[in-house]
Amino acid sequence: MNINNKKRMLEVKMHSLFFYVLFFCWIYFVVFNTEYFKFFPLPFTTTQLFEGLGLISYKKLIYLIKNFVTSFFVIFSCFGYGKITFSLFKDFSSKWLFEVVMGFGVVALLVYLLGLLGFLFKGIFWLVVTIGVGSGVYFLIFEKRNGTTYKTMSKTKPTRYNIFEIILSFVFIYTAAINFLGATVPETFFDSQFYLLGLPNQWRLQNKISFNPYIFASLYPFNINMLYLMALVLNNDITAKILHWSFGIVSCVLVYSFLKRYFSKTMALIAVVIFYTVPTVMAVSWKTAIELGITMFEIAMVLCMMEYFIKKEKFWLILSGIFAGFALGSKYLV
């Protein structure tokens, strides 16, 4: 089935003018008519956003760069482990986004295993990260040499954006920058202090995952907690916050890539902006919560299910089930 037939299966007939009218009506009623920003104020202005930059010292800047670099290596190592996982299925070709999401889940399970065995040591975790990064680099070089990664990209024309799409892209980038700055400050969220980071930090000090009679969450460690545990062992809570911020970015890219492929760039950008600029989503992006991690797994689950309906390949259904398991394992209902 070619791409045009796939698009027809999902296509919704709607005049462009009618679509834009609906979009701006949504903005008015949801954002302005409800006075949302009055109750959930956020630093949208340039003055508020960069108000404290003069207080950043050289040591603080190095400290933030160290956190960013550490989180980048953790994320890239997850990409490497996702590549390793998908390489076991030789007849199946996936997108790199699903490999990243799969890698987050695989690394979470690996950290959980190391924690049960009492191997929560920085040296061991850096070895895990190094293996993942090395695998990611190897697969990228291997695919480039075999023409499986960049072959189709070289034949496509450069993507062009109209003025409306450029504005939407700027809104997303600006929002992501605000959320990133919010993720670089020390954690104050109560749930994080209590069990989302507090409990993993206790395990870090003990070098082992163990039961705490005063914290019920110690009975069932969350998948997202395992990624935070890795960040704490390697560095500190800021690295964990940047990881959670990255979950939101991956979620947006997943939505954008799917809608752009089957609908249009405009619809994809509108969907991403509607999702990511909701002040509640922005506030969550500043914390080491678990919502964006669950969102990432659930979006991957839904998109894999859609791919299954379109392509009729059973592995997409299996993959959707795996991502559903990772999502369910990230927050338990009690």
Side-chain angles (χ1 to χ4, degrees), residues 70-71 73-88 99-136 187 191-237 239-244 246-247 288-294 296-298 300-301 318-319 321-334:
T70 303
S71 60
F73 278 116
V74 172
I75 295 170
F76 194 83
S77 70
C78 291
F79 167 72
Y81 283 105
K83 278 286 188 182
I84 294 174
T85 304
F86 279 105
S87 67
L88 301 176
E99 293 167 346
V100 172
V101 179
M102 176 64 74
F104 279 124
V106 171
V107 170
L109 296 178
L110 181 58
V111 172
Y112 177 64
L113 177 61
L114 292 174
L116 292 179
L117 297 175
F119 292 152
L120 299 181
F121 297 98
K122 181 178 290 188
I124 294 178
F125 274 24
W126 273 120
L127 177 62
V128 171
V129 171
T130 302
I131 293 174
V133 171
S135 300
E187 185 59 83
D191 287 357
S192 296
Q193 299 287 349
F194 180 47
Y195 68 94
L196 294 176
L197 286 184
L199 184 60
N201 191 56
Q202 180 185 359
W203 293 336
R204 178 187 67 86
L205 296 174
Q206 297 173 350
N207 300 319
K208 184 177 182 179
I209 294 177
S210 59
F211 171 66
N212 186 321
Y214 304 104
I215 304 179
F216 63 89
S218 63
L219 287 169
Y220 35 85
F222 301 150
N223 290 331
I224 305 301
N225 280 35
M226 297 299 97
L227 297 172
Y228 293 162
L229 177 58
M230 169 176 270
L232 290 174
V233 172
L234 293 177
N235 206 15
N236 52 47
D237 61 318
T239 301
K241 294 185 71 176
I242 295 177
L243 281 180
H244 187 250
S246 71
F247 298 155
T288 48
I290 55 179
E291 281 75 15
L292 290 182
I294 297 175
M296 176 185 66
F297 287 130
E298 289 181 342
M301 172 195 70
I318 297 173
L319 195 60
I322 293 174
F323 289 141
F326 286 146
L328 290 173
S330 298
K331 186 176 180 64
Y332 307 140
L333 300 178
V334 294

Under the side-chain contact (heavy atoms from CB on, under 4.5 Å) rule, what do Trp203 and Leu232 come out as? Steps first, then yes or no, please. CA-CA 10 Å; Trp203 293 336; Leu232 290 174; over 6 Å; no
Any donor and acceptor pair, going by atom type alone, linking the side chain of Ser135 with main-chain N or O of Gly80 inside 3.5 Å? no
Rounded to the nearest 0.5 Å, the CG atom of Asn236 sits from the OG1 atom of Thr70 at a distance of 8.0 Å
Minimal non-hydrogen separation, Ala324 against Met301, with atom names: CB-SD, 3.3 Å
Which atom names give the shortest non-hydrogen contact between Phe194 and Phe216, and what distance separates them? CE2-CE2, 4.4 Å
At their closest point, which heavy atom of Ile242 faces which heavy atom of Ser71, and how far apart are they? CG2-OG, 3.2 Å
Do the side chain of Tyr228 and the main chain of Ile290 share a donor and acceptor less than 3.5 angstrom apart? no
In Å and rounded to the nearest 0.5 Å, what is the OG to CD distance from Ser87 to Glu99? 9.0 Å
Which value, rounded to the nearest 0.5 Å, describes the distance between Phe211 atom CZ and Ile215 atom CD1? 10.0 Å
Is the backbone of Gln193 close enough, under 3.5 Å, to the side chain of Glu187 for a donor and an acceptor to pair up by distance? no
Test Phe297 against Ile294 for side-chain contact (heavy atoms from CB on, under 4.5 Å), laying out the working first. CA-CA 5 Å; Phe297 287 130; Ile294 297 175; 5.9 Å; no
Separation of Asn225 CG from Thr288 OG1 (nearest 0.5 Å): 9.0 Å
Please check if the distance between the ring centroids of Phe73 and Phe76 is under 6.0 Å. no
So Phe222 and Tyr195, would you call those rings parallel, tilted or perpendicular, with 30° and 60° as cut-offs? perpendicular
What is the minimum heavy-atom distance between Ala289 and Ser192, and which atoms define it? N-OG, 4.5 Å
Could you state the interatomic distance from CG (Asp237) to NZ (Lys241), rounded to the nearest 0.5 Å? 7.0 Å
Using 0.5 Å steps for rounding, measure from the SG atom of Cys78 to the CE atom of Met230. 7.0 Å
Pairs under 3.5 angstrom only: tabulate donor-acceptor contacts from the side chains of residues 100-127 to other protein residues two or more places apart or in another chain.
none

Contact summary for Ile209 and Pro221, nearest pair of heavy atoms: CG2-CG, 4.3 Å
